[in-house]
Amino acid sequence: MALRVRGAVKRYGDVTAVDGLDLDVGAGTCLGLLGPNGAGKSTTMRLLTAQSIADEGEITVLGHPVPAESKQARARMGVVPQQDNLDVELTARQNLSVFAQLYRVPARERRAAVDRALALAQLTDRADDKVDNLSGGMRRRLLIARGLVHAPELVLLDEPTVGLDPQVRQELWSLISVLRTQGVTVLMSTHYIEEAERLADDVAVMSAGRIIARGSPAELRARYAGNTAVEYYGPPPRLAEVERLVHAAGMSTRRTGPSISVLRAESMPEDLSDELGDGAVPRPATLEDVFVALTGEEVA
Ligand code: ADP
């Protein structure tokens with residue numbers, strides 16, 4: 001087990017940000033912690049690094065109880081913050097060297113460690129550029145590389161692609177995929193369904209400070225959203241009518257932009273489908289359907 005959390009609680013005044021959290025992450029897996037804004041994902045990350053101290057509960061990271069042995073745990077884990085806090089006056093290489101030193105990579109191994117991290121982030125040919133001169137995407141890759149310079153066994157990524165354009169997001173996804181193939185344990189918080197769906201072996205859906213569902217994307221789809229959804233399009237009165245008929249039959253719907261999606265459509269009775277009429281567009285169930293079915297909320 002790379003990390004184990006039992007009954008963690010973190011309060012900020014009247015707000016309970018983490019509310020009895022249980023979480024296990026097996027070594028070598030990539031777990032996506034998926035939840036809407038305010039679910040408690042960042043607070044969970046801070047508890048794991050002992051940047052915040054839990055009011056209750058037990059946390060063990062790489063075998064070390066946290067916060068008691070957080071220093072030892074931190075030495076073996078990489079942390080990639082949500083905010084870019086690179087030193088803009090330094091070059092890419094210098095940023096990594098500073099961290100290699102901070103993480104006590106032995107002096108004779110430091111150069112190789114920095115080169116490895118630069119290569120992983122595909123920044124070898126920009127190594128001597130000041131951070132100020134790097135593009136937004138390069139800076140994000142460097143931020144991740146910085147968290148990897150000491151070859152950690154566990155990497156925590158807090159919303160790694162929040163606010164980035166799609167191309168940069170793709171680049172970071174490739175980088176995270178490489179980590180997975182190297183056997184590094186990854187815990188990634190995200191409110192992007194697609195990110196969890198693509199990268200995570202295992203997804204924990206978080207809402208109001210606790211985990212409300214857990215499984216692979218395929219397991220979660222099968223359990224909470226079935227196989228297929230069908231979408232009905234039309235003007236608002238038509239959509240309202242679809243919702244009314246479907247709900248009357250005891251089935252669930254969700255709004256999907258200009259359409260209404262009927263969930264678990266594989267079990268729709270034929271007379272209902274006849275009553276709803278033509279124009280239904282079937283599609284496979286998604287993790288987004290799962291999320292809405294579980295929380296009633298849209299994410300992203
Ligand atoms: P997420 O990362 O899922 O968006 P957070 O962990 O940031 O969620 O926040 C969970 C809840 O805790 C929110 O209601 C947030 O406003 C509150 N919260 C988080 N950090 C603090 C803090 N330092 N002080 C007060 N409230 C906080």
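First listed ligand is number 1; within each ligand, the first listed atom is number 1.
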Quick test: of every protein heavy atom, which one is nearest to [atom], and how far off is it to 0.1 Å?
atom: atom 18 (N) of ligand 1; answer: Y12 CD1, 3.6 Å
atom: atom 12 (O) of ligand 1; answer: A17 CB, 3.2 Å
atom: atom 6 (O) of ligand 1; answer: T43 OG1, 2.5 Å
atom: atom 8 (O) of ligand 1; answer: G40 N, 3.0 Å
atom: atom 7 (O) of ligand 1; answer: S42 CB, 3.7 Å
atom: atom 4 (O) of ligand 1; answer: G38 N, 2.7 Å

Determine yes or no for a side-chain-to-main-chain donor-acceptor pair under 3.5 angstrom, with D289 supplying the side chain and A225 the backbone.
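Answer holds: no.
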Using a 3.5 Å distance criterion without hydrogens, assess whether the side chain of R254 forms a donor-acceptor pair with backbone atoms of S261.
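The answer is no, because no donor-acceptor pair under 3.5 Å joins these two groups.
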Decide whether the shortest distance between a heavy atom of R46 and an atom of ligand 1 is less than 4.0 Å.
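Yes, R46 has a heavy atom closer than 4.0 Å to ligand 1.
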Would G35 count as a contact of ligand 1 if the rule is a heavy atom under 4.0 Å away?
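No; G35 lies far enough from ligand 1 that no heavy-atom distance drops under 4.0 Å.
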Hey, are S42 and D158 close enough side-chain-wise for a donor-acceptor pair under 3.5 Å?
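A donor-acceptor contact under 3.5 Å links the two side chains.
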Just to be sure I read this right, does ligand 1 sit under 4.0 Å from the backbone of P36, its side chain, both, or neither, counting only heavy atoms?
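Under 4.0 Å from ligand 1, P36 contributes backbone atoms alone.
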If we set the cut-off at 4.0 Å for heavy atoms, which region of M45 has an atom near ligand 1: side chain, backbone, both, or neither?
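Within the 4.0 Å criterion, M45 makes no contact with ligand 1.
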At less than 4.0 angstrom from any non-hydrogen atom of A39, what atoms of ligand 1 do you find?
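Selected atoms, number and element: 1 (P), 3 (O), 8 (O).
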What atoms in ligand 1 come closer than 4.0 Å to a heavy atom of N37?
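Those of ligand 1 that fall under 4.0 Å from N37 are 4 (O).
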Any side-chain heavy atom of S177 sitting closer than 4.5 Å to one from L199?
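Yes, side chains in contact.
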What residue among L3, V61, T185 forms side chain to side chain contact (heavy atoms under 4.5 Å, CB included) with M77?
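Result: among L3, V61, T185, V61 is the only option passing the side chain to side chain contact (heavy atoms under 4.5 Å, CB included) with M77.
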Sort out for me which residue in E275, M251, M268 forms a side chain to side chain contact (heavy atoms under 4.5 Å, CB included) with V246.
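Single pass found, and it is M251.
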May I ask you to say whether R169 pairs ionically with E194, meaning some side-chain N is under 4.0 Å from a carboxylate O?
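No, this pair does not count.
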NE2 of H191 to NZ of K41: how many Å apart, nearest 0.5 Å?
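So the gap between those two atoms works out to 7.0 Å.
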May I ask whether atom 22 (C) of ligand 1 is less than 4.0 Å from at least one protein heavy atom?
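Protein heavy atom within 4.0 Å of atom 22 (C) of ligand 1: present.
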Return yes or no for this condition: an N or O of V15 is under 3.5 Å from an N or O of ligand 1.
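Among all N and O atoms of V15, none is under 3.5 Å from an N or O of ligand 1.
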